[in-house]
Novice: 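What follows is a structure written as structure tokens; I'll ask about it next.
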Amino acid sequence: MKLEEQIQAKALELGYDACGIIQAGVFKEFLAQINKRSEIFPHAAAFYDQLRRLANPRESLDWSESIIVCLRQYDKYHVSNELEKLIGKVFLVDGRMKYSQEFATNTAFEQYLQQLGMRTAQNAAPARWSAVKAGLGKFRDNNFLYTQKGSWVWVDTWVVDQKLSTENSPESHHFGCPEGCQKCVAACPTGALSAPLTMDATKCIAFLTFRSEAAPAEALLDKMGTNLYGCDICQNVCPANAGAWQEGQAEFPEPWPLSEVLSLEQIFQMDQEIYETKLQPRFWYIAKEDYWFWKCKAIRAMANLDPVKYREYFVQALADPHERVRNMAHWALEQSQFEGSVLKFRTK
């Protein structure tokens, strides 16, 4: 076999579902999308500016020659309905955890490339666009990468210093959703997805639940539901994903059950030690010093789920040392008072 065929065969042998190879050139379409979104949503321009470094891997890695792209489906695990209401599926079965088989696969494949004499760098190229250019999938209107099996796919990329024969780029990067179908747009509760193939990152529930520095506008709080980390709404409602989640019986390996730390009450009552040893390492986008952010999210989710039931938690949070927690508690108490008055009116 040619070297390229050997690489692709090794990826499949290790457990990836697909592997492609492209040149390490400028991602012009990706850059155009960033520019477009910065123009449409100037208040989000700072976020999109952070992504520009990915548009041309050779700017940061002058040895870049090719990009190897691997896909894997992440829908083989059982996902608890209760946890899914709080955490996006991909983060419940996060293959970046060092105790997962997916991490072992990623590590073994990179070692294989290095044994071939290649210099490698991960996460130095736009993952979804790399997959599209390699012909491994296409975008749908919700901006997610889709294969014929749906959008529940993870992408790993390696920039390498060896010039490899590459796949032909597909003629179109868009699957072309059914005419008139804008279910994903209609379902986005915060309006982040306001039109096909666009996105205001500063309104995206995923963005707002990952970044402690991004304070959600008060007008968005009741629209964020119980999502604590990530969001699957636009993927869940997509007709192309109907029946696509091939859930198996296997449980994703964990040092301890996530249910031990992932309930609204447990998050609210968690001390710093438990946070740093159990919750933060699992969802590391949020820093160790930012437990207060999780507490804010738990209060917001409580208020959206049943503000009257959780009112005592909101009162307790009024004495929290962190101002953001106290502010969220004030907002939640307003919801509980309004809902309480509605309940009283309904029972008359």
Side-chain angles (χ1 to χ4, degrees), residues 1-35 51-76 90 95-96 101-140 143-176 197 240:
M1 289 190 295
K2 295 191 300 184
L3 178 59
E4 293 80 6
E5 293 173 339
Q6 293 177 37
I7 291 170
Q8 292 170 317
K10 187 65 175 182
L12 299 182
E13 174 192 323
L14 288 171
Y16 284 108
D17 295 300
C19 177
I21 302 171
I22 60 175
Q23 293 181 348
V26 179
F27 287 81
K28 295 180 180 179
E29 301 96 332
F30 172 70
L31 191 57
Q33 283 289 327
I34 290 177
N35 292 336
L51 302 180
R52 293 181 190 279
R53 63 179 178 80
L54 298 174
N56 185 4
R58 285 177 174 161
E59 284 190 351
S60 56
L61 303 169
D62 58 7
W63 46 264
S64 304
E65 291 291 348
S66 307
I67 301 173
I68 300 171
V69 193
C70 293
L71 296 190
R72 59 174 173 81
Q73 298 286 138
Y74 62 82
D75 58 355
K76 64 182 180 181
V90 69
R96 293 168 296 180
Q101 178 57 51
E102 289 79 5
F103 183 85
T105 295
N106 176 292
T107 302
F109 187 67
E110 181 165 42
Q111 290 175 346
Y112 169 76
L113 296 177
Q114 292 171 351
Q115 288 167 3
L116 292 176
M118 296 183 188
R119 188 175 181 180
T120 63
Q122 285 201 58
N123 305 317
R128 294 176 189 174
W129 274 101
S130 295
V132 167
K133 290 178 75 65
L136 303 182
K138 294 184 180 182
F139 293 111
R140 290 198 182 274
N143 300 297
F144 278 90
L145 174 74
Y146 280 73
T147 69
Q148 296 298 334
K149 295 181 179 180
S151 67
W152 311 112
V153 292
W154 181 268
V155 185
D156 285 327
T157 65
W158 287 267
V159 173
V160 299
D161 64 348
Q162 193 164 142
K163 187 170 290 187
L164 302 169
S165 298
T166 59
E167 306 286 349
N168 293 325
S169 297
E171 293 182 5
S172 171
H173 66 264
H174 187 211
F175 257 131
L197 292 172

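We count residues from 1, following the sequence as given.
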Novice: Of all the heavy-atom pairs spanning Gly150 and Val153, show the shortest one and how long it is.
Specialist: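 So the minimum-distance heavy-atom pair works out to O-CG1, 4.3 Å.
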
Novice: To the nearest 0.5 Å, what is the distance between CZ (Arg128) and CZ (Phe27)?
Specialist: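 One finds 14.0 Å between CZ of Arg128 and CZ of Phe27.
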
Novice: Atom CG of Leu145 and atom CZ of Phe175: how far apart are they, to the nearest 0.5 Å?
Specialist: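 Interatomic distance, Leu145 CG to Phe175 CZ, rounded to 0.5 Å: 8.5 Å.
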
Novice: Mind checking what makes side chain to side chain contact (heavy atoms under 4.5 Å, CB included) contact with Lys2, not counting sequence neighbours?
Specialist: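 Here the qualifying residues are Glu4, Glu5.
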
Novice: Under a 4.0 Å threshold between the charged nitrogen and the carboxylate oxygen, would Arg52 count as salt-bridged to Glu59?
Specialist: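 No, Glu59 and Arg52 are not salt-bridged.
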
Novice: Kindly indicate whether the side chain of Gln162, heavy atoms from C-beta on, has any atom under 4.5 Å from the side chain of Leu3.
Specialist: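 Yes, close enough: below the 4.5 Å cut-off.
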
Novice: Taking the six-membered ring of Phe103, is NZ or CZ of Arg96 closer than 6.0 Å to its centre and within 45° of its axis?
Specialist: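 Checked: cation-pi criterion not met.
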
Novice: Donor-acceptor pairs under 3.5 angstrom involving side-chain atoms of residues 116-126: please list them, not counting sequence neighbours.
Specialist:
{"unit_1": "Thr120", "atom_1": "OG1", "unit_2": "Glu110", "atom_2": "OE2", "d": "3.0"}
{"unit_1": "Thr120", "atom_1": "OG1", "unit_2": "Gln114", "atom_2": "NE2", "d": "3.0"}
{"unit_1": "Gln122", "atom_1": "OE1", "unit_2": "Asn106", "atom_2": "ND2", "d": "3.1"}
{"unit_1": "Gln122", "atom_1": "NE2", "unit_2": "Asn106", "atom_2": "OD1", "d": "2.9"}
{"unit_1": "Gln122", "atom_1": "NE2", "unit_2": "Glu110", "atom_2": "OE1", "d": "3.2"}

Novice: For Lys138, I'd like to know if atom NZ has over 12 heavy atoms of other residues, nucleotides or ligands within 6.0 Å.
Specialist: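 Yes - once you tally the heavy atoms of other residues, nucleotides and ligands closer than 6.0 Å, there are more than 12.
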
Novice: Going by the side-chain contact (heavy atoms from CB on, under 4.5 Å) test, name the single residue among Thr166, Val159, Thr157, Leu164 that passes it with Ile68.
Specialist: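 One option only clears the test, and that one is Leu164.
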
Novice: For residues 6-26, please give each side-chain donor-acceptor pair under 3.5 Å, one per line with the distance, not counting sequence neighbours.
Specialist:
{"unit_1": "Gln6", "atom_1": "NE2", "unit_2": "Met1", "atom_2": "O", "d": "2.9"}
{"unit_1": "Gln8", "atom_1": "NE2", "unit_2": "Cys19", "atom_2": "O", "d": "3.2"}
{"unit_1": "Gln8", "atom_1": "NE2", "unit_2": "Glu167", "atom_2": "OE2", "d": "3.0"}
{"unit_1": "Lys10", "atom_1": "NZ", "unit_2": "Glu13", "atom_2": "OE2", "d": "3.4"}
{"unit_1": "Tyr16", "atom_1": "OH", "unit_2": "Asp156", "atom_2": "OD2", "d": "2.7"}
{"unit_1": "Asp17", "atom_1": "OD2", "unit_2": "Gln73", "atom_2": "N", "d": "2.7"}

Novice: Any side-chain heavy atom of Phe30 within less than 4.5 Å of one from Leu51?
Specialist: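 A side-chain contact exists here, since the closest heavy-atom pair is under 4.5 Å.
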
Novice: What is the minimum heavy-atom distance between Arg140 and Ala240, and which atoms define it?
Specialist: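 Where Arg140 meets Ala240 most closely, the heavy atoms are NE-CB, 3.2 Å.
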
Novice: Show the nearest heavy-atom pair for residues Cys70 and Phe109, with the distance to one decimal.
Specialist: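 Result for this residue pair: SG-CE2, 3.7 Å.
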
Novice: Distance from Trp158 atom CH2 to Tyr112 atom OH, nearest 0.5 Å?
Specialist: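 Answer rounded to 0.5 Å: 12.5 Å.
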
Novice: Angle class for the His173/Phe139 ring planes (parallel below 30°, perpendicular above 60°, tilted otherwise)?
Specialist: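 His173 and Phe139: perpendicular rings.
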
Novice: Does some side-chain heavy atom of Thr147 sit less than 4.5 Å from a side-chain heavy atom of Leu136?
Specialist: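 Not in contact.
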
Novice: Grab the two heavy atoms, one from Ala127 and one from Val155, that are nearest each other, plus how far apart they are.
Specialist: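 So the minimum-distance heavy-atom pair works out to O-CG1, 3.4 Å.
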
